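One structure is given below, encoded as structure tokens.
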Amino acid sequence: MNLRAVKGMNDILPEEMGKWAHVERIFRQTLELSGFREVRTPVVEDTSLFVRSMGEVTDVVEKEMYSFSRHDDELTLRPEGTAGAARAFLEHKVHSKEPLTRWYYIGPMFRGERPARGRYRQFWQAGAELYGDAGPVSDAEVIDMLAHLFTALGVKKFDVVINSLGGAPSRARYRDALIAYLTPHKASLSAESQRRLDRNPFRVLDSKAEIDRKICEDAPSILESLDDDDRAHFDALRRHLDALGTRYVVDPRMVRGLDYYTRTLFEIKGEGGELGAQNTLCGGGRYDNLIGDLGGPKTPCIGFAMGLERLLLATELPTEPRSNLVYVAPLGEAALPHALRLGRDLRARGVETIVDGKGQKIKNMLHRASALDARFAVLLGDSEIERGIVRVKDLRTEAQDDLPLAGAVTLLIDRLAAPVVGPAGTASGGPGPGDAGTP
Ligand code: HAM
């Protein structure tokens, strides 16, 4: 039997969770300050939802979906969050209840890509979707919010890249221009791009094959195909970003791999840290036709998603604070009920506490306390109980003293809140008991 996780799918162990929780907390705070509310949709949807939303001739739909049949249904593990959120928005007729909807989500996504650093088969996205606002003010607001979020998350170096795909008439014009440019090069394109050229030439632009990239370097720019309205939208977006002081670069050949996009597109590219070639930390854009194409009323939308693993590779997060764990070590039958009560009372006051149920030898219990990086060990033997005291060992300084059993909870809380005084008399502030475990 193979006792390994599925290739490209990672465990996130408790010692890594502090960083994840930190990123998720800042993400939630930032989004909620801009009026977004959390939504949770299923991890599995009908396969047809993804095919219709993301487009049949896309890498994700053609090559990467985890699809299966069950009970006569054709199902797929979600490769992204936009399609499921749009389905939920329509199914619950949210458009008829509120004029403007701002949703965010955090969850695992699944794509059968070739695993590499920053590219996985199960990965986590934090994303958001904004329904019912045609922009460009909301486009600028979302992009500016992301720039602030990445700064708050400690990403030192990143670029905001923007482009516009225009609406349907502009895209049709660009499609023709692209086919006209690429057709004389057809024989030199990769086999996949040759196949895609007629059905979906935009996908040739995001081909990863070296030869395709070279040919696409001189492809016409979509910005030349934009009609007046699309151009005005893009110009206004740039003006709003300039007014906000949000720095960006325009990349007229960025088309972003999924078919539902219209008008504004953006990506945030990171640099440095442990980030390698997979440096697109976040991608998003406008998709004004998707809700209508899925059978709903025409609803302009914009959204984005960021890969949390990539984000963690790009950030330099502060190291975790030392734990404020109290380890209660009872030795003997008489001490046990006191230890259990002490543990319960400490937890009731917000102190993380473990009562050692294995007992037997003090040395072993202290060893377990140190291995768990506990701050204090509270030793209770039958003789201590008789004298109405507990022995407290500070595991940072090795200092020991006795406290009255009756007042032990309050005295321990005071000690947890006090700065740690090391053997050399150096003080380092620790978080209070209420902050236990939060970076
Ligand atoms: P996407 O560009 O396909 O867009 O993915 C968004 C982000 O998810 C990427 O920039 C990357 O950080 C992360 N990501 C994608 N694939 C992987 C992978 N295999 N391993 C690790 N991280 C990955 C979307 O998914 C759209 N739904 C975004 C959006 C929302 N557009 C509008 N609303």
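This structure is a prediction, so every number in the text was calculated from the model and none was measured. Whatever order the structure lists ligands and atoms in, that order sets their numbers, starting from 1. Every heavy atom of this structure was used, including side-chain atoms; hydrogens, water molecules and symmetry mates were not.
Among all protein heavy atoms, the one lying closest to atom 14 (N) of ligand 1 is F123 CE1, 3.5 Å. Looking only at protein heavy atoms, the nearest one to atom 8 (O) of ligand 1 is Q125 NE2, 3.1 Å. Nearest protein neighbour of atom 20 (N) of ligand 1, counting heavy atoms only, is Y120 N, 2.9 Å. Remark: minimum distance from atom 26 (C) of ligand 1 to any protein heavy atom is reached at Y260 OH, 3.3 Å.
With salt bridges taken as basic N to acidic carboxylate O contacts below 4.0 Å, one links D139 and R286. The residues D206 and R196 are annotated as not salt-bridged, no charged nitrogen and carboxylate oxygen being separated by less than 4.0 angstrom. A salt bridge links R87 to E91: at least one charged side-chain nitrogen sits closer than 4.0 Å to a carboxylate oxygen. Classification of R102 and E141 as a salt-bridged pair holds, one side-chain N sitting under 4.0 Å from a carboxylate O. A salt bridge links D59 with K208: the closest approach of a Lys/Arg side-chain nitrogen to an acidic carboxylate oxygen falls below 4.0 angstrom. The residues E398 and K393 are annotated as salt-bridged, a charged nitrogen and a carboxylate oxygen being separated by less than 4.0 angstrom.
At least one heavy atom of R256 sits less than 4.0 Å from an atom of ligand 1. Using a 4.0 angstrom heavy-atom cutoff, Y261 counts as in contact with ligand 1.
Distances between N or O atoms of A305 and those of ligand 1 include no value under 3.5 Å. Looking at Y105 next to ligand 1, no N or O pair under 3.5 Å apart turns up. At a 3.5 angstrom cut-off on N or O pairs, E80 counts as close to ligand 1. On a distance-only criterion, F304 and ligand 1 share at least one N/O pair closer than 3.5 Å. Among the atoms of G307, some N or O lies under 3.5 angstrom from an N or O of ligand 1. Considering backbone and side-chain atoms alike, R119 places every N or O at 3.5 Å or more from each N or O of ligand 1.
For L281, every heavy-atom contact with ligand 1 shorter than 4.0 Å involves the backbone, none the side chain. Contact annotation for Q278 and ligand 1: no heavy atom of the residue comes within less than 4.0 Å of the ligand. Contact annotation: for F266 versus ligand 1, there are no heavy atoms closer than 4.0 Å. At a heavy-atom cutoff of 4.0 Å, ligand 1 is contacted by no atom of E309, backbone or side chain. Only the side chain of E129 comes within 4.0 Å of ligand 1, counting heavy atoms alone; its backbone N, CA, C and O stay farther away. With a heavy-atom cut-off of 4.0 Å, C282 touches ligand 1 through its backbone alone.
Taking every non-hydrogen atom of G118 and a distance limit under 4.0 Å, the qualifying atoms of ligand 1 come out as 20 (N), 21 (C), 22 (N). The G284 neighbourhood of ligand 1 comprises atoms 31 (N), with distances under 4.0 Å to a heavy atom of that residue. Residue E113 approaches ligand 1 through these ligand atoms, each under 4.0 Å from one of its heavy atoms: 16 (N), 17 (C), 18 (C), 19 (N).
Judged purely by distance below 3.5 Å, without hydrogens or angles, the side chains of T262 and N289 never pair a donor atom with an acceptor atom. Side-chain polar atoms of E192 and S190 form no donor-acceptor pair below 3.5 angstrom.
Within the set T82, L265, T280, the minimum heavy-atom distance to atom 12 (O) of ligand 1 is found for T280.
A donor-acceptor pair under 3.5 Å is absent between the side-chain atoms of D11 and the main chain of L13, judged by distance alone. Judged by distance alone, with hydrogens and angles left aside, the side-chain atoms of N163 form no donor-acceptor pair with the main-chain N or O of L265 at under 3.5 Å.
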Which is it for E129 and Y287 under the side chain to side chain donor-acceptor pair (under 3.5 Å) test, yes or no, and what are the steps along the way? CA-CA 10 Å; E129 313 294 346; Y287 51 101; 2.6 Å; yes
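Checked against a 6.0 Å centroid threshold, the rings of Y104 and F27 count as neighbours.
Taking the six-membered ring where tryptophan is involved, the planes of H95 and F89 are tilted, since the angle between them lies from 30° to 60°.
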